[in-house]
Every structure is written in structure tokens, then in C-alpha cells.
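Throughout, a chain's letter reflects where its sequence line sits, starting with A, and its residues are numbered from 1.
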Protein chains: 2
Amino acid sequence: MSPEPAVAAPGVTSTLALIHHLSRLGQRSAESAGVPSRLRPRQFVALTLLREQGNVAQQTLAEALRLDPSNLVGLLNELESGGLVVRRRDPNDRRRHIVELADDGRRALEDAERELRCVEDGMLRTLAPDERATLHDLLRRAVGDQLPSCTEAVSPPDAC
Amino acid sequence: MSPEPAVAAPGVTSTLALIHHLSRLGQRSAESAGVPSRLRPRQFVALTLLREQGNVAQQTLAEALRLDPSNLVGLLNELESGGLVVRRRDPNDRRRHIVELADDGRRALEDAERELRCVEDGMLRTLAPDERATLHDLLRRAVGDQLPSCTEAVSPPDAC
DNA sequence: CGGATCGTTGGCGGTACGTCAACTATCTCG
DNA sequence: CGAGATAGTTGACGTACCGCCAACGATCCG
């Protein structure tokens, strides 16, 4: 009778909505901050993933990015023509392309990260440094375990 | 000499990139999970914000969403024609529209949240419940302080 | 050899915006 | 009262990002 938490507690907000919103806010801030020599968001994410995963077959990359292979081609073309990435044939299976982060790509990525730090600082300015670290860690762990079989096993449609 | 953290530590990943990526992953999962009676992401976020902020002038809402007023109109039209939201004139300034979350809107929002819980659970399955709570709290605090004067005072372009 | 797989190209469609211009109803201030 | 600002609205145009599909060459594998 006393707690009475019924009335739609103010904490029910979907974490997904928060993430979606924050993502948008981040993009807007980055754009309006006029980041100069800039990677577009997708390129940024792709390079980041490449740096972590090391050399990866194109297909694997597509899965990790949850991106249609045919669309990945375009993305990689941009990056490769800018010298940020290298595609080479897998000697074991010459159908495959192994995608590799080039030195220029690593540099560009670090530059972009440096530039985006301001935006990030602005966006997370309410959080204490250790909280930011926690946030970063949690997000990282969340995306980290996204790769293996994500959409699979959705047999029970509304079982959830 | 011993620590030698120079070589691009594996933790430098931009939090922005993580958020952006997670946001995309979330959308993809939600779509492929075939969420039935669904609000589109923008509607979802807008309703969420409305529930928290209570009745708000349209302009304020636009700022909070970082959305162009002219685009907000369309978004609100969708929501209002679905009965999820009500626009009424501000008696103190009849130019203004006060936007209010309708009962149906609250219900729709709660339904959507319930549906998205599965997706969210899938995405954050590596995190322990208390970690999820922490994440949620941190994100919420981050977006919460986004509203007042965000892009302003960007006078030093590369001072950062 | 035949079928499967990987990358690639191209086309079609859709969402989610930004930007700008114009117009109305309304407020505010001189 | 009249001039100018302000809130919302409408419409047009463009863009980024992306899904889906079909086809095709190169390659692998049985």
C-alpha cells in the first residue's frame, strides 16, 4: 500500500530508445561541431571494427556490421580508394577478400577519435570520469558479444 | 618502461562509435524480430520524451529531439492522427501548441516497450541485470542533461 | 563437370532526416 | 493601431543510409 509503484514508474524507458536517441544526438553534435577532415559514421564504425578484429573476410565484416554484403562493397570501396583499407585475396580461398586496416586508416581513425572526443565530452559531461569509463566498458561488452549468431534461433516469434 | 601503453591501447574506441553501432544493431534486431504493432523509432523516442517531460510546447520538443520544427510537424501529425498525442493551444500564448501524451499514446508506448524488451534482452544478454541497470541509468543521465544549450557556445572551433 | 560460395554491380524502394521559402495566426512593443 | 517578431505549418528539393533482389565472374569442392 505504501510503495505503490503502479503508475508507470519513471524508469521504464527502453534502453533501446535511449541508445537510439543518444546516437542521433551524437551525430547532430558532430555535424554541427563542423568536424573537419571527417569520416562518415559508417566508415568510422567500420574502421573501428577492423582495428579490433584484425584482418577479416569481407563476409565476416558484413555480419559484424549487420550490413548487407552488397552494401559493404560500396563502403569498402570508399575506404580503399582513400587508402584507409586494403583488400587482398585470401591465399587459402581465392574467392575471399581479406580486409585489412591500412596505416593511413589507423591514423585517420585515431584522428577522427581525437576530433570526436570533444563531442563526446560535451555529450557525457554530466558523467564523472569513472562513470564514463563504466559506460564505455558496458557498451563495449554489449557490442562485443553481438557477433555470434544474433538473429538466429528466432523460432519462437512471440514467445519472448 | 614497463607499462608501455603506446601502441594504440585496445580501449581507445570512441564511445560515440559504440553507441552508433549499438543503435543500428538494435534497429536491425527490432526489424528482423518482426515487431508487430510497431511504432517507428522516431515515434518511439518522441513518445518517450513526451512521457517524461509532460506537456511541452512544440518548439521545446523540437529542441529536445534536436529535430527541425518543420519535420516535427510531420511526426506529430502521424502521432496525433493515431490518437497517441494531443495538440492543444497554450491559453497564455495562442501561437503555441502544447503537446500532450494521450492515454492511447501511453498505452502504445508501453506496448512497444514490452515488445522491445526481447530485442533489448538479446542485445544486452552479456550484461548482468545490475549492469544493465547501471547502463540504463548512465544513458538516461547522459540524455537527461542534453537539453539545455547544447550546440551553443561552440565559438572555439578547434579549441577542444 | 556441376553446384555452391564470395565478392561485385546495378537497380528499385524506403526511412529519416536537413534546408529553405512562404504563409497564417498570434503576440509584443512602440 | 500598426510593424515586426514568433509559433506552427506546408511544400519542395536534396541527401545519407540502407534493405532486397537479380545477375555475373571467379573460385572452390565434391
Side-chain angles (χ1 to χ4, degrees), chain A residues 17 20-35 38-46 55-81 85-100 150-151, chain B residues 17 20-21 23-35 38-46 55-81 85-100 151:
Chain A
H20 182 87
H21 193 198
L22 254 190
S23 166
R24 229 190 77 83
L25 293 180
Q27 286 182 254
R28 294 285 288 149
S29 300
E31 287 163 10
S32 65
V35 198
R38 189 160 122 270
L39 296 172
R40 266 170 304 144
R42 357 168 340 179
Q43 303 177 326
F44 188 65
V45 174
N55 310 345
V56 180
Q58 210 159 308
Q59 213 181 8
T60 315
L61 191 55
E63 285 169 16
L65 289 169
R66 286 283 219 120
L67 192 60
D68 189 281
S70 68
N71 285 116
L72 181 58
V73 173
L75 178 50
L76 287 181
N77 285 347
E78 296 170 358
L79 292 172
E80 190 172 35
S81 77
V85 133
V86 178
R87 267 188 276 219
R88 57 186 173 79
R89 289 276 173 201
D90 181 349
N92 298 331
D93 183 345
R94 298 184 28 79
R95 289 171 300 180
R96 283 190 167 84
H97 273 159
I98 306 281
V99 186
E100 198 174 344
C150 5
T151 356
Chain B
H20 182 88
H21 193 198
S23 166
R24 230 190 77 82
L25 294 179
Q27 285 182 254
R28 293 285 288 149
S29 301
E31 287 163 10
S32 66
V35 197
R38 190 161 121 270
L39 296 173
R40 268 172 301 146
R42 359 168 338 178
Q43 304 177 327
F44 188 65
V45 174
N55 309 344
V56 179
Q58 210 160 308
Q59 213 180 11
T60 315
L61 192 56
E63 286 168 17
L65 289 169
R66 286 284 219 118
L67 192 61
D68 189 280
S70 69
N71 285 116
L72 180 58
V73 172
L75 178 50
L76 287 180
N77 286 347
E78 295 169 359
L79 292 172
E80 191 172 35
S81 77
V85 132
V86 177
R87 269 189 274 219
R88 57 184 174 80
R89 288 279 174 199
D90 181 347
N92 298 331
D93 183 345
R94 297 184 29 79
R95 288 171 301 181
R96 282 189 167 85
H97 273 159
I98 305 281
V99 186
E100 199 174 343
T151 357

A.B. asks: Mind checking if L72(A) touches a base, just sugar-phosphate, or nothing, with heavy atoms under 4.0 Å?
C.D. replies: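 No contact at all - L72(A) keeps every heavy atom at 4.0 Å or more from the nucleic acid.
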A.B. asks: Within the structure, does a side-chain N or O atom of R42(A) lie under 4.0 Å from either OP1 or OP2 of dA16(D)?
C.D. replies: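 Checking dA16(D) against R42(A), no side-chain N or O comes under 4.0 Å of OP1 or OP2.
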A.B. asks: On the nucleotide dC17(C), are OP1 or OP2 found under 4.0 Å from the side-chain N or O atoms that R24(A) carries?
C.D. replies: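 So the side chain of R24(A) is within the cut-off, an N or O lying under 4.0 Å from OP1 or OP2 of dC17(C).
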A.B. asks: On DNA chain C, check which nucleotide each of V73(A) and R96(A) is closest to and give me the residue with the more 5' one.
C.D. replies: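 Nearer the 5' end of the strand: R96(A).
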A.B. asks: Whole-Å distance between dA5(D) C1' and Q59(B) CD?
C.D. replies: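 It is 12 Å, rounded to the nearest whole Å.
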A.B. asks: Shortest non-hydrogen contact from H21(A) to A64(B)?
C.D. replies: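 Smallest interatomic distance, heavy atoms only, reads NE2-O, 3.5 Å.
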A.B. asks: Write down the atom of R24(A), the atom of L65(B), and the distance for their closest heavy-atom approach.
C.D. replies: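 Scanning both residues, the minimum pair turns out to be NH2-O, 3.0 Å.
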A.B. asks: At under 4.0 Å, does any side-chain N or O of N77(B) touch on OP1 or OP2 of dT10(D)?
C.D. replies: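 It does, given that an N or O in the side chain of N77(B) lies less than 4.0 Å from OP1 or OP2 of dT10(D).
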A.B. asks: Does R87(A) have a side-chain nitrogen or oxygen under 4.0 Å from the phosphate oxygens OP1 or OP2 of dT8(C)?
C.D. replies: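 For dT8(C), OP1 or OP2 has a side-chain N or O of R87(A) closer than 4.0 Å.
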A.B. asks: Kindly give the heavy-atom pair with the smallest separation between S23(B) and S23(A), and that separation in Å.
C.D. replies: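 Shortest heavy-atom separation between S23(B) and S23(A) comes out as CB-CB, 3.6 Å.
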A.B. asks: Does dT27(D) have OP1 or OP2 sitting under 4.0 Å from an N or O in the side chain of R89(A)?
C.D. replies: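 Checking R89(A) against dT27(D): no side-chain N or O falls below 4.0 Å of OP1 or OP2.
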A.B. asks: Using whole Å, what does the distance between atom C1' of nucleotide dC29(D) and atom CG of N92(A) come to?
C.D. replies: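 Checked: the CG to C1' distance equals 15 Å.
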A.B. asks: Taking atom P of dG8(D) as reference, at what distance in whole Å does atom CZ of R88(B) sit?
C.D. replies: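 Rounded to whole Å, this separation is 13 Å.
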A.B. asks: Take the protein atom CD of E78(A) and the nucleotide atom P of dC18(D), then report the distance between them rounded to whole Å.
C.D. replies: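 So the CD-P distance, E78(A) to dC18(D), works out to 10 Å.
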A.B. asks: Which heavy atom of V56(B) sits nearest a heavy atom of L61(B), and at what distance?
C.D. replies: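 Looks like CG1-N, 3.7 Å.
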A.B. asks: So which one's nearest nucleotide on DNA chain C is more toward 5', P41(B) or G74(A)?
C.D. replies: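 The residue whose closest nucleotide sits nearer the 5' end is G74(A).
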A.B. asks: Please determine whether a side-chain nitrogen or oxygen atom of R28(B) lies at a distance below 4.0 Å from atom OP1 or OP2 of dG19(D).
C.D. replies: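 Checking R28(B) against dG19(D): at least one side-chain N or O falls below 4.0 Å of OP1 or OP2.
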A.B. asks: Can you see if the side chain of Q58(A) gets near the phosphate of dC6(C) - specifically, an N or O under 4.0 Å from OP1 or OP2?
C.D. replies: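 False: Q58(A) side-chain N/O out of range (4.0 Å or more) of dC6(C) OP1/OP2.
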A.B. asks: How many Å lie between CZ on F44(A) and P on dC17(D), as a whole number?
C.D. replies: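 Taking atom P of dC17(D) as the reference, CZ of F44(A) is at 14 Å.
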A.B. asks: Can you tell me which nucleotide in dC17(D), dG7(C), dA16(C) comes closest to the side chain of R40(A)?
C.D. replies: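 Of the options given, the side chain of R40(A) lies nearest dC17(D).
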A.B. asks: Report the distance from atom CD of E63(B) to atom P of dT6(D), rounded to the nearest whole Å.
C.D. replies: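 Atom-to-atom, E63(B) to dT6(D), this comes out as 13 Å.
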A.B. asks: What is the distance from CG of L39(A) to P of dA16(D), rounded to the nearest Å?
C.D. replies: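 Going from CG in L39(A) over to P in dA16(D) covers 15 Å.
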A.B. asks: Indicate the atoms forming the closest heavy-atom contact of V85(A) with V99(A), along with that distance.
C.D. replies: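 Looking at all heavy atoms of both residues, the closest pair is CG1-CG1, 3.9 Å.
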A.B. asks: Just N and O in the side chain of R94(B): are any of them under 4.0 Å from OP1 or OP2 of dA7(D)?
C.D. replies: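 For dA7(D), OP1/OP2 do not have a side-chain N/O of R94(B) under 4.0 Å.
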A.B. asks: Side chains of N77(A) and R87(A) only: does a donor on one sit below 3.5 Å from an acceptor on the other?
C.D. replies: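 There is such a pair (donor and acceptor under 3.5 Å, judged by atom type) between the side chains of N77(A) and R87(A).
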A.B. asks: Pick base, sugar-phosphate or nothing for D93(A), based on heavy-atom distances below 4.0 Å to the nucleic acid.
C.D. replies: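 Sugar-phosphate contact only.
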A.B. asks: Counting just side-chain N and O atoms, does N71(A) come under 4.0 Å of either OP1 or OP2 of dG19(D)?
C.D. replies: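 The answer is yes; a side-chain N or O of N71(A) sits under 4.0 Å from OP1 or OP2.
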A.B. asks: Mapping S70(A) and P91(A) to their closest nucleotides on DNA chain D, which lands nearer the 5' end?
C.D. replies: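 Its nucleotide being nearer the 5' end, the pick is S70(A).
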A.B. asks: Looking for any heavy atom pair under 4.0 Å, which part of the strands does D90(B) touch: base, sugar-phosphate only, or nothing?
C.D. replies: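 If one applies the 4.0 Å heavy-atom cut-off, D90(B) turns out to touch nothing in the nucleic acid.
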A.B. asks: Under 4.0 Å from OP1 or OP2 of dG7(C): is there any side-chain N or O of R95(A) that close?
C.D. replies: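 Result: no.
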A.B. asks: Under 4.0 Å between a side-chain N/O of H97(B) and OP1 or OP2 of dT9(D), yes or no?
C.D. replies: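 Yes, such a contact exists.
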A.B. asks: Between dC20(C) atom P and D68(B) atom CG, what is the distance in whole Å?
C.D. replies: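 So the CG-P distance, D68(B) to dC20(C), works out to 10 Å.
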